[in-house]
Number of protein chains: 2
Amino acid sequence: MAQAQALSRNQQIVLNIIEKAKGPLKAYSILFNVQKKGINAPQQIYRALDKLIEMGKIHKIESKNAFVACRSSDCEISKATAFSICESCETVDEISDTKLSKYLSGFNHKKGMKFKRFNLEFFGICKKCKKD
Amino acid sequence: MAQAQALSRNQQIVLNIIEKAKGPLKAYSILFNVQKKGINAPQQIYRALDKLIEMGKIHKIESKNAFVACRSSDCEISKATAFSICESCETVDEISDTKLSKYLSGFNHKKGMKFKRFNLEFFGICKKCKKD
DNA sequence: TAAAAAGTGTTATATTATAACAAACGTTAT
DNA sequence: ATAACGTTTGTTATAATATAACACTTTTTA
């Protein structure tokens, strides 16, 4: 079985910031937050982000160009991602719903394409925002 | 019933280009293609794109920052979009699958959020590319 | 321990998207 | 018809997001 890959220095720094955050972080906001640690250039952030995504440690929210930590422990390599996004407060939750995930993983295009990966983003107004 | 909205000059120009294209177009590639028509600035493109999206005439492929025409005639306002994307040739197809669409439209988050809209992007290698 | 692979630091630049303002156009209500 | 309003346009400038390219170091593997 593939061993959990060790993180390099920069990867660890970037992951820590994302994990501590309450919501999705943008690449440049991560950059500003790690300049005290000697990381000075966007490249360093983007390289770390790329690897963390490959490892399944984080996900990119495509509609927001932002990054969140993966909360589902079994998500070694992330082939199936689903998020719920509040259009008012911008809160993002990762959805882990076995049924949904199975349904979509089994879905194949009529034109003969077999899917390896999907990303699903739901939008709405969250409970909290609805009250206001 | 809401009348089909008339398109303004720039909106029509931009929509024409997107409809003629074989695949998704990027905003700046649209811009270069319409400079002969007197459109000179990104703003003009992005403004048209925004309106066309609102009207459901086009969709944005978030993972590619690119835009495609909507092929499903009933898609007046696009609340439910699904695409199949080939990671090799970059071909993008809009998926119109009633079952899928119903399944996802009926999906609601456990945390009490009611979704108004979703976007789903599937990735894989298409039939054609598999042969090579 | 040499070779290969992965990671780092850096400068520069490409790509994608929005801000802000003034003028023209289109609709509707009077 | 025309004033008032909203929408669209044109324009300049700039913000935000992301990659290219190169030289060097560290880690892994054979």
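These numbers were taken from a predicted model, which means no experiment stands behind them. First the proteins, then the strands, lettered A, B, ... as listed; each starts at 1. Values below: every heavy atom of this structure, side chains too, minus hydrogens, waters and symmetry copies.
- At least one donor-acceptor pair closer than 3.5 Å links the side chain of A/T81 to the backbone N or O of A/F118.
- Counting 5' to 3', DNA chain C first comes under 4.0 angstrom of a heavy atom of chain A and last does so at the ends given by C/dG7 to C/dT11.
- Atom CD1 in B/I45 sits about 14 Å away from atom C1' in D/dT11, given to the nearest Å.
- Evaluation of the salt bridge (charged side-chain N to carboxylate O under 4.0 Å, His left out) rule for B/K37 yields no partner, not counting sequence neighbours.
- Looking at residues two or more places apart in sequence or on another chain, you find a ring-ring contact (aromatic ring centres under 6.0 Å, His included) between A/F83 and A/H59.
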Please tabulate, one pair per line, all N/O donor-acceptor pairs under 3.5 Å involving side-chain atoms of residues 19-36 of chain A, not counting sequence neighbours.
unit_1	atom_1	unit_2	atom_2	d
A/K26	NZ	A/K64	O	3.0
A/N33	ND2	A/S29	O	2.7

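- A distance of 11.5 Å separates CD in B/E121 from CZ in A/F115, rounded to the nearest 0.5 Å.
- Closest-nucleotide positions on DNA chain D for A/Q43 and B/Q11 were compared, and the one nearer the 5' end corresponds to B/Q11.
- Residues satisfying the side-chain contact (heavy atoms from CB on, under 4.5 Å) test with A/K114, not counting sequence neighbours, are A/N108, B/K130.
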Would you mind writing out the side-chain donor-acceptor pairs for residues 42-52 of chain B within the sub-3.5 Å range, not counting sequence neighbours?
unit_1	atom_1	unit_2	atom_2	d
B/Q44	OE1	B/N40	N	3.0
B/Q44	OE1	B/A41	N	3.0

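- Pairs engaging residues 85-111 of chain A under the ring-ring contact (aromatic ring centres under 6.0 Å, His included) rule: A/Y103-B/Y103, A/F107-B/F122 [sequence neighbours left out].
- Take A/K116 and apply the side-chain contact (heavy atoms from CB on, under 4.5 Å) test, not counting sequence neighbours, and it matches B/E87, B/I125.
- When the local axes at the two ends of the helix from C/dT1-D/dA30 to C/dT30-D/dA1 are compared, using 5 base pairs at each end, they differ in direction by 50° after rounding to 10°.
- Look at A/Y46 and you won't find any side-chain N or O under 4.0 angstrom from OP1 or OP2 of D/dT19.
- Judged as a side chain to side chain donor-acceptor pair (under 3.5 Å), and not counting sequence neighbours, A/S105 has no contacts.
- Counting non-hydrogen atoms under 4.0 angstrom, A/K60 reaches the backbone sugars and phosphates but no base.
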*Indicate for each nucleotide in nucleotides 22-30 of chain D, in 5' to 3' sequence, whether protein heavy atoms under 4.0 Å reach the base (B), only the sugar-phosphate (S), or nothing (-).*
---------

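- B/I17 contributes atom CD1, which lies 11.5 Å from atom CD of B/Q12 (distance to the nearest 0.5 angstrom).
- B/Q44 has a side-chain polar atom (N or O) that falls below the 4.0 Å cut-off from OP1 or OP2 of D/dG10.
- Near DNA chain C, meaning a heavy atom under 4.0 Å from it, residues 20-36 of chain A has no residue at all.
- For the residue pair A/C129 and A/S88, the shortest heavy atom distance occurs at SG-OG, 3.4 Å.
- Within the structure, every side-chain polar atom (N or O) of A/N65 is placed at least 4.0 Å from both OP1 and OP2 of D/dA16.
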